[in-house]
Amino acid sequence: MTKYTINNLPKIRGEYIFDEPLKKHTWLNVGGNADVMFCPADSDDLRNFIKNKPKEMPVFVLGGGSNILVRDGGIEGVTIKLKSKNFADISIQDGCISCGCGLINSQLKKFLPQHNIGGLEFLCSIPGTIGGAFASNAGCFGKELKDVLISALVMDGTGNIFTANTGDFNFAYRHSDFPQDWIILEAKLKVFEQKADITEEIIRKNDEYRRTHQPQNIRTAGSTFKNPEGYRAWELIKNAGGDVLEFGGARFSPQHYNFLQNDGSATARDIEKLTETIMQNVFEQTGIRLEPEIKIIGKPKE
Ligand SMILES: Cc1cc2nc3c(=O)[nH]c(=O)nc-3n(C[C@H](O)[C@H](O)[C@H](O)COP(=O)(O)OP(=O)(O)OC[C@H]3O[C@@H](n4cnc5c(N)ncnc54)[C@H](O)[C@@H]3O)c2cc1C
């Protein structure tokens, strides 16, 4: 049971949900509860919460839940979910678009051709939200967030809102390094004029590639590990016995060994054991240390 109640939390206009099962909010469909889930009405509501919340209360921001493994003991404190449509605005200015952090990337699939613009086709095919793309400098098809980001509107842990530039995020391959208490509110992204049919064709080809090369309709979080320089993670996994490894209902997908999957009966512990075991096996076989791309958060079950 959570120690937080409506009486020790700031008054807000959005919604508090107590003991919310996080498996409902993640693609892997495992994990314990959030003590409290807070869904702010808008950025003023979020700011009011951040300024007035109990000082010691930890905060975690959840995007689309497509790149996280929540442990079975859940997440302490408040998990913020920016699901209000006020966090999903999108508008065009000169040579760029402004997107709210809660915008689901795939919503760009309609918007880009409707406005005869291109440049963000790669982003449309990545599950999750604009805000979530910052944590791992999300990318595919030869492009990453850092290539298209102009600036971002950010709220820090004291509720200050300011503009951060690309350099402030220290982006690298599937990596960024910005202060833990930053909440991305909005991103300004570069686009260029491009006929609708060209944009649509690139999006179609990208989707087709995913359909034919990656497992579909499974409980996964995408690539489990980063590709070590000069190697492909899926090959290292397969060669180290990942094709037969299984814990509970967790195993690597035979269609793409770097995608792990929950067959429906796995716990977060099963999934974590699978990742730890393959990391150890690959290290013993090759001396290479696989680095997780998935973010593992929360506490183990007591
Ligand atoms: C089938 C599949 C395919 C995938 N393919 C790719 C791919 O091709 N390329 C790729 O890069 N990734 C891929 N991924 C991984 C994932 O989709 C991306 O990492 C995505 O950007 C995560 O976004 P999200 O909104 O789901 O974030 P979440 O998983 O909810 O969160 C990820 C991190 O972002 C932080 N975060 C979320 N929102 C905010 C915010 N507003 N402010 C601050 N921090 C925030 C969270 O705290 C967490 O640390 C794939 C995943 C799946 C399931």
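Positions are given from 1, in the same order as the sequence printed here. Counting convention: from 1, in listed order, for ligands and their atoms alike.
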Is there a side-chain contact between L9 and Y16 in this structure, where contact means two heavy atoms from C-beta onward sitting under 4.5 Å apart?
yes

Give the protein residues with at least one non-hydrogen atom closer than 4.0 Å to an atom of ligand 1, ordered by chain and number.
W27, F60, V61, L62, G63, G64, G65, S66, N67, I68, L82, C101, I126, P127, G128, T129, G131, G132, A133, A135, S136, A138, G139, C140, R174, W182, I183, I184, R210, T220, A221, G222, K295

Indicate yes or no: does E293 engage R174 in a salt bridge with an N to O separation below 4.0 Å.
yes

Residues clustered with L274, ILVMFWY side-chain links under 4.5 angstrom:
L28, V30, L69, F225, Y231, W234, L236, I237, L245, F247, F252, Y257, L260, I271, I278, M279, V282, I288, L290, I294, I296

Sequence neighbours excluded and cut-off under 3.5 Å, please list the side-chain donor-acceptor pairs for residues 134-145, or say none.
unit_1, atom_1, unit_2, atom_2, d
N137, OD1, L145, N, 3.3
N137, OD1, K146, N, 3.0
N137, ND2, E144, OE1, 3.3
N137, ND2, A172, O, 2.8
K143, NZ, G119, O, 2.9
E144, OE1, K146, NZ, 3.2

Does a salt bridge link D263 with R219, judged by any charged N lying under 4.0 Å from a carboxylate O?
no

How would you list all residue pairs meeting salt bridge (charged side-chain N to carboxylate O under 4.0 Å, His left out) that involve residues 41-54, not counting sequence neighbours?
R13-D42

